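Whatever order the structure lists them in is the order used to number ligands and atoms, beginning at 1. Hydrogens, waters and symmetry mates play no part in the numbers below; they use all other heavy atoms, side chains included. Only a predicted model underlies this, so the values are computations on that prediction, with no experimental measurement involved.
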Amino acid sequence: MRFFKFFFFLALFFPSSLFAQSSPPLRIVATFSVLQDMIQQIAPDASVGTIVPPNADPHAYSPTPSDVKKLAHADLVFVNGLGFEGWIDRLIQASGFKGTIIIASKTVQPRTLLDHKTGASTVDPHAWHDVKNAIKYVQEITIALKEREPAHAQIYQNRSVSYIKDLQQLDQWVQEQFKDIPLDQRLVVTTHDAFWYFGAAYGISFLSPVGISTEAQPSPKDILTLINQIRRDHIQAIFIENLSNHKALQQIAEEAGVTIGGTLFADSLSDKDGPATTYIQMIQYNVLTIRERLKE
Ligand code: ZN
């Protein structure tokens, strides 16, 4: 009897702690750290893992046996889509995961590149660098979480509304950061072609020695063309990325006589000690780093 009294007391004063015990936190897996952060913002109580760790290159990633395990135990799996995770289908098959796979970029208008020589078209996956696209990602994430846990739909909705407000402010802030820099001076060189969506949204032209994947090797002709353009247009804003391979870019900067202006975060967040542990921080850091060099 005493036990029931105690239970009644608990239920009266700590109802949420009892509910929390009855439904274990959702196990969510995202393919890369940028997406992991967006999901964690809407579902802070869920266990949200990432396959590609911070500071690693998703293009060149090789899944490990522990990734197979992570997917096998997941409730929901979130991917960027647009061909970004070339390794995901094999990984899902190996894990036996039969649950829902959510494509975060589902409602984004993708950029398609046409190879004039082969006639083949490729899709540029780096849509998250336009903050308006990030808002679309968050909307997809919210729909999926509400469907998976209808009992918590209102909580997810409230967090989503508040996070989207922050993202709208971020988008506005980015627009303002480049206003005083003339359009023809907004030229930036980076390791690989990851910033087209960013450039299209905020009026900056990005150049790189390789295309949309870090796995391609630039040809000597591509390198020479870029060196000549850097010299001709007096481009000072040259950045490496927090990815593995930036030898080609260092060579280009050296040949053109320009020092590297710092590191941009392209396809992964920084680790916990770095300056870009969240999506919002990543955008802020990239913008301030680019702006500093363009203002010189
Ligand atoms: Zn990339």
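Side-chain contact annotation: D67 with Y61, donor-acceptor N/O pair under 3.5 Å present. Side-chain atoms of D57 and H59 include no donor-acceptor pair closer than 3.5 Å.
For I103, the CD1 atom counts as loosely surrounded, since its 6.0 Å shell holds 12 or fewer non-hydrogen atoms of other residues, nucleotides or ligands.
Among residues at least two apart or in separate chains, there is no side chain to side chain donor-acceptor pair (under 3.5 Å) pair with a member in residues 89-103. Among residues at least two apart or in separate chains, side chain to side chain donor-acceptor pair (under 3.5 Å) pairs with a member in residues 71-85 are T31-E85, D75-R148, N80-Y137.
Shown here are the protein N/O/S atoms lying under 2.8 Å from the Zn ion (ligand 1), water excluded: H59 NE2, H126 NE2, H192 NE2, D267 OD2.
A search for side chain to side chain contact (heavy atoms under 4.5 Å, CB included) contacts involving K132 returns D130, D171, Q175, not counting sequence neighbours.
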